[in-house]
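Working notes, beginning with the structure itself.
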Amino acid sequence: RAFLWLAFIRAVGAWGNGLARTPPLGYSTWNFFPRVAIDEMTCYKQVDAIVETGLRDLGYKVFVVDEPCFVGRDDNGNLMENKTTWPRGLKSFGDYLHARGMKLGIYTDQGPLTCGRCPASQGHEMQDMALFASMGADYIKVDSCNRDVEPEHWAAFRDAINATGRPMVFSIIAQGQKDSWTWGNATGNLWRTTHDIMNSFGGFTSNLDAQESVSDIEKYAGPGAWNGATEISKISFLIEM
């Protein structure tokens with residue numbers, strides 16, 4: 001699914017990491033593919049299709065693996081990849097993307113488990129962001145399942161991303177809770193202002209309506225910091241393989 005974060009723009013003071021000066025364009029595996037069933041062969045084919053159809057050249061360069069579904073942690077506490085579904089691993093996949101002028105996005109959660117009940121990053125923020133940086137990640141998506149939503153949870157990821165020294169766009173998936181637009185611009189590069197949408201045009205428009213109903217939401221957005229009603233994806237296309 002292709003995505004474009006929809007933003008209502010006005011100048012604002014944002015987290016100054018210098019990234020996402022315009023809303024990121026790309027593709028996320030979430031929604032069409034079951035979140036814990038995505039495998040590397042499917043992802044490689046989708047990348048090839050994005051390039052071959054000319055979408056990459058139109059700016060759709062971020063590919064978010066949502067989600068890779070790590071299987072646990074090793075003796076050192078590092079997340080372990082599923083060698084059945086990802087035999088070559090995310091590092092090799094990131095190299096493949098980079099060689100084609102694209103960028104790697106990796107998904108995790110602010111709780112102990114992801115929305116798909118796979119191991120997530122609570123208490124391992126520094127370690128996991130360092131691991132993702134070593135894999136060549138350019139974009140980090142942090143979801144809001146299995147733990148109360150508090151701004152400081154995402155601030156811990158922001159600090160962990162900064163500590164890696166690698167430029168990585170930070171996407172906050174707080175589903176609009178705690179008025180995420182009021183604190184997201186000090187924490188990440190983009191933040192969800194609504195809940196997930198279903199694979200339908202109605203789901204897409206209802207989330208746009210929900211965002212539009214918030215008074216002056218546009219004042220929180222600007223270069224490097226974006227309101228996201230959702231991704232344009234469920235209404236777009238499945239790239240035929």
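Everything quoted here is computed from the prediction, not taken from an experiment.
- Note: Ile172 CD1 to Gln110 CD = 11.0 Å, rounded to the nearest 0.5 Å.
- Checked against a 6.0 Å centroid threshold, the rings of Tyr60 and Tyr27 do not count as neighbours.
- In this structure, Asp216 and Glu218 have side chains that are in contact, with non-hydrogen atoms separated by less than 4.5 Å.
- The minimum heavy-atom distance linking Val51 with Met102 is given by the pair CG2-SD, 4.0 Å.
- Judged purely by atom type and a 3.5 angstrom limit, Arg147 has no side-chain atom pairing as donor or acceptor with the backbone of Gln122.
- Looking at heavy atoms from C-beta onward, Phe132 lies in side-chain contact with Leu79 at the 4.5 angstrom threshold.
- Side chains of Asn227 and Tyr220: a donor-acceptor N/O pair is absent below 3.5 angstrom, by distance only.
- For the side-chain contact (heavy atoms from CB on, under 4.5 Å) criterion with Asp109, the lone passing option out of Ile173, Thr114, Val142 is Thr114.
- Nearest heavy-atom pair, Val65 versus Ile38, reported as atom, atom and distance to 0.1 Å: CG1-CG2, 4.3 Å.
- Listed for the Arg166 side chain is a donor-acceptor partner under 3.5 Å among the backbone atoms of Gly136.
- Between the side chain of Arg56 and the main chain of Arg100, a donor-acceptor pair closer than 3.5 Å is present.
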Check: Yes or no on side-chain contact (heavy atoms from CB on, under 4.5 Å) for Met41 and Arg88, after CA distance, side-chain angles and deciding distance?
Finding: CA-CA 10 Å; Met41 184 56 66; Arg88 285 177 283 185; 4.1 Å; yes
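- In this structure, the side chains of Met168 and Ile106 stay at 4.5 Å or more apart for every pair of heavy atoms.
- With 3.5 Å as the limit, one finds a donor-acceptor pair spanning the side chains of Thr42 and Asp39.
- For the residue pair Asn82 and Thr84, the shortest heavy atom distance occurs at OD1-N, 2.9 Å.
- Linking ILVMFWY residues whenever their side-chain heavy atoms come closer than 4.5 Å, directly or via other members, places Leu58 and Leu97 in the same cluster.
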Notebook entry, point to check: Step by step, would you call Leu104 with Tyr139 a side-chain contact (heavy atoms from CB on, under 4.5 Å)?
Noted result: CA-CA 6 Å; Leu104 172 64; Tyr139 183 108; over 6 Å; no
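- Residues Asn146 and Leu113 come closest through the heavy atom pair ND2-O, 3.0 Å.
- For the pair Leu25 and Val62, the minimum side-chain heavy-atom distance is 4.5 Å or more.
- Between Tyr107 and Lys141 the shortest side-chain heavy-atom distance falls below 4.5 Å.
- Side chains of Glu125 and Phe157 form a contact here, defined as non-hydrogen atoms less than 4.5 Å apart.
- Between Ser180 and Arg192, the shortest heavy-atom distance links the atoms OG-O, 2.7 Å.
- Here the straight-line distance linking atom OG1 of Thr193 with atom CG of Asp179 works out to 10.5 Å at 0.5 Å rounding.
- With ring centers used as reference points, Trp154 lies 6.0 Å or more from Trp191.
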Check: Are Lys91 and Ser134 close enough, and set up right, to give a side-chain contact (heavy atoms from CB on, under 4.5 Å), and what steps lead you there?
Finding: CA-CA 8 Å; Lys91 174 65 169 64; Ser134 75; over 6 Å; no
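- Proximity of Phe63 to Ile50: side-chain heavy atoms (C-beta onward) are separated by under 4.5 Å at one or more points.
- Going from atom CD of Glu40 over to atom CD of Glu81 covers 9.0 Å, rounded to the nearest 0.5 Å.
- Between His153 and Glu150, the side chains place no donor N or O within less than 3.5 Å of an acceptor N or O (distance only, hydrogens not considered).
- With values rounded to the nearest 0.5 angstrom, Asp128 atom CG is found 11.0 Å from Ile161 atom CD1.
- Of the charged side-chain nitrogens involved, none lies within less than 4.0 Å of a carboxylate oxygen, so that Lys61 and Asp138 do not count as a salt-bridged pair.
- Between the side chains of Asn189 and Trp226, not a single donor N or O lies within less than 3.5 Å of an accepting N or O.
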Next item on the list: Start with the C-alpha distance between Ile140 and Met129, add both sets of side-chain angles, then the distance that settles side-chain contact (heavy atoms from CB on, under 4.5 Å), and finish with yes or no.
Entry: CA-CA 8 Å; Ile140 303 295; Met129 295 307 101; 3.8 Å; yes
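- Looking at Trp30 and Cys115, their side chains never come closer than 4.5 Å, going by heavy atoms from C-beta outward.
- No side-chain donor-acceptor contact under 3.5 Å links Asn17 and Arg158.
- Around the CG atom of Asp74, the shell of radius 6.0 Å holds more than 12 heavy atoms that belong to other residues, nucleotides or ligands.
- When hydrophobic clusters are built by joining Ile, Leu, Val, Met, Phe, Trp and Tyr residues whose side-chain heavy atoms come closer than 4.5 Å, directly or via intermediates, Phe70 is not grouped with Met126.
- If you take CD on Glu152 and CH2 on Trp183, they are separated by 9.0 Å, rounding to the nearest 0.5 Å.
- Between Val149 and Ala174 the shortest heavy-atom distance is CG1-CB, 4.3 Å.
- Using the six-membered ring where Trp is involved, Phe93 and Tyr44 have ring planes that are perpendicular, over 60° apart on the 30 and 60° scheme.
- No hydrogens or angles considered: a donor-acceptor pair under 3.5 Å links the side chains of Asp48 and Tyr96.
- Considering CG of Leu190 and CG of Asn185, their distance stands at 12.0 Å, rounded to 0.5 Å.
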